[in-house]
Amino acid sequence: MDVTDEVRKQVELLHKQSRRAGLFIDPAEELLRNDVLSSNIPPCKLLHTNLIPSHALCSLICQWCEKKGAPFEKPEKCARNGALESIATTKATLEATKMTAVFLVENLSTGTTEVKKQVADELRLLAKCGMEKWACIAEAGVIPLLFSLLSSDDPKLQDIAVTALLNLSIYVNNKIQIVEVGCLDAIIRVLKDGRSMESCDNATTTLFRLLVIDDYKRMIGEKDDAISTMVDYAAEGKRAGQT
């Protein structure tokens with residue numbers, strides 16, 4: 001059955017909006033759009049035509065297709081156009097972010113190590129900017145799951161987990177949740193015995209961010225060697241945390 005006129009119009013409208021915004025259209029996304037307009041799929045109604053960051057949407061589509069056994073060739077590099085990420089946050093795009101975060105969190109809790117690595121990295125990217133994004137990602141339940149990954153034997157997975165927490169820790173409510181779920185001791189362990197330089201580096205930066213809250217200054221100060229290790233690490237001229 002062909003797509004409905006309504007779906008066709010909404011996809012065409014999205015295409016026109018992106019042209020007006022002067023945004024780069026990835027060739028793979030252009031091909032996918034044409035496939036949607038020309039393929040035989042059951043009628044459906046798009047919830048909205050707002051643009052969301054293509055790397056998150058690309059990952060969402062790829063993981064859904066993989067889960068359902070549907071053929072889909074993932075582009076080598078999803079477009080991450082700066083102009084797209086600078087679009088003003090709207091209620092619709094926040095809903096899309098919430099949906100993406102919930103989907104990713106579900107996969108983070110049940111996937112294999114490789115899947116967890118991919119999903120955690122998408123959450124890290126999703127958490128790079130925007131107070132509303134930081135809030136809704138945390139509300140999806142990601143912080144306790146990232147906490148469990150801090151002790152991973154996989155250096156890359158540990159690095160992604162601590163970096164995602166670093167990004168989320170900018171938002172004050174997330175600072176509170178990070179401490180309340182017990183991440184503090186785990187972050188300090190990463191600082192002391194991290195499996196990579198990047199993990200130690202980002203653990204240090206996360207702890208410095210937590211020190212903004214007075215109660216946490218005392219808590220961190222009471223941890224054995226935490227402050228001295230942070231100071232020594234900073235004095236050695238390590239680079240600032242990489243998000």
Side-chain angles (χ1 to χ4, degrees), residues 26-29 31-32 35 52-81 84-85 96-129 133-134 136-169 174 177-178 181-183 185-206 241-243:
D26 187 281
E29 293 180 2
L31 180 60
L32 178 59
D35 286 344
I52 62 175
S54 58
H55 60 273
L57 181 57
C58 178
S59 175
L60 185 63
I61 292 172
C62 291
Q63 291 179 53
W64 184 91
C65 289
E66 181 180 350
K67 186 175 182 180
K68 300 296 182 180
F72 180 76
E73 184 176 352
K74 183 177 180 180
E76 291 185 3
K77 184 177 182 181
C78 295
R80 294 177 182 176
N81 186 272
L84 179 59
E85 295 180 353
T97 300
K98 289 178 182 178
M99 179 186 70
T100 304
V102 169
F103 178 87
L104 294 174
V105 167
E106 288 176 355
N107 282 272
L108 187 62
S109 63
T110 59
T112 64
T113 298
E114 286 305 312
V115 170
K116 287 180 178 179
K117 239 187 281 194
Q118 295 172 9
V119 172
D121 200 40
E122 286 298 330
L123 286 164
R124 174 188 67 83
L125 292 169
L126 200 60
K128 288 193 75 169
C129 61
K133 285 186 179 181
W134 297 325
C136 71
I137 293 170
E139 288 168 3
V142 69
I143 291 178
L145 296 176
L146 293 173
F147 165 47
S148 68
L149 299 180
L150 291 176
S151 57
S152 173
D153 292 331
D154 188 302
K156 183 63 176 177
L157 188 54
Q158 184 186 70
D159 178 42
I160 293 171
V162 73
T163 307
L165 286 172
L166 169 62
N167 292 342
L168 291 169
S169 68
N174 289 349
Q177 189 177 350
I178 286 170
V181 301
C183 289
D185 286 334
I187 294 172
I188 292 173
R189 283 196 297 272
V190 173
L191 166 63
K192 294 180 178 180
D193 305 308
R195 301 186 180 281
S196 71
M197 187 68 71
E198 290 77 11
S199 295
C200 297
D201 193 29
N202 288 334
T204 303
T205 308
T206 304
Q242 303 296 304
T243 62

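Source: prediction; values computed, not measured.
- One distance of note links CG of D159 with SG of C200; it measures 9.5 Å at 0.5 Å rounding.
- By the 4.5 Å heavy-atom criterion applied to side chains, C183 and Q177 are not counted as neighbours.
- Residues meeting the side-chain hydrogen bond (donor to acceptor under 3.5 Å, both in side chains) test with K116, sequence neighbours left out: none.
- I187 CD1 to F147 CZ: the interatomic distance, rounded to the nearest 0.5 Å, is 9.5 Å.
- The shortest non-hydrogen separation linking V105 to A140 is CG1-O, 3.5 Å.
- For the pair R195 (side chain) and L157 (backbone), a donor-acceptor distance under 3.5 Å is absent.
- Considering only heavy atoms from C-beta on, D121 comes within 4.5 Å of R124 through its side chain.
- Results of the side-chain contact (heavy atoms from CB on, under 4.5 Å) test with L123 over L108, N167, L168, T100 single out L108 as the only residue that passes.
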Run the numbers on L150 and R189 for side chain to side chain contact (heavy atoms under 4.5 Å, CB included), then give the verdict.
CA-CA 9 Å; L150 291 176; R189 283 196 297 272; over 6 Å; no
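- Not counting sequence neighbours, E139 has no partner by the side-chain hydrogen bond (donor to acceptor under 3.5 Å, both in side chains) test.
- In this structure, L126 CG and I137 CD1 are separated by 4.0 Å, a value rounded to the nearest 0.5 Å.
- Formation of a donor-acceptor pair under 3.5 Å by the N174 side chain with backbone atoms of W134 is found in this model.
- Taking OG of S196 as the reference point, atom CG of N202 lies at 8.5 Å (rounded to 0.5 Å).
- Here the NZ-OG1 distance, from K128 to T163, works out to 10.0 Å after rounding to the nearest 0.5 Å.
- Atom CG of L145 is separated from atom CG of L104 by 11.5 Å, given to the nearest 0.5 angstrom.
- Scanning all heavy atoms of the two residues, the minimum distance from V162 to T206 falls at O-OG1, 4.0 Å.
- Side-chain contact check for V190 versus Q158: some heavy-atom pair is nearer than 4.5 Å.
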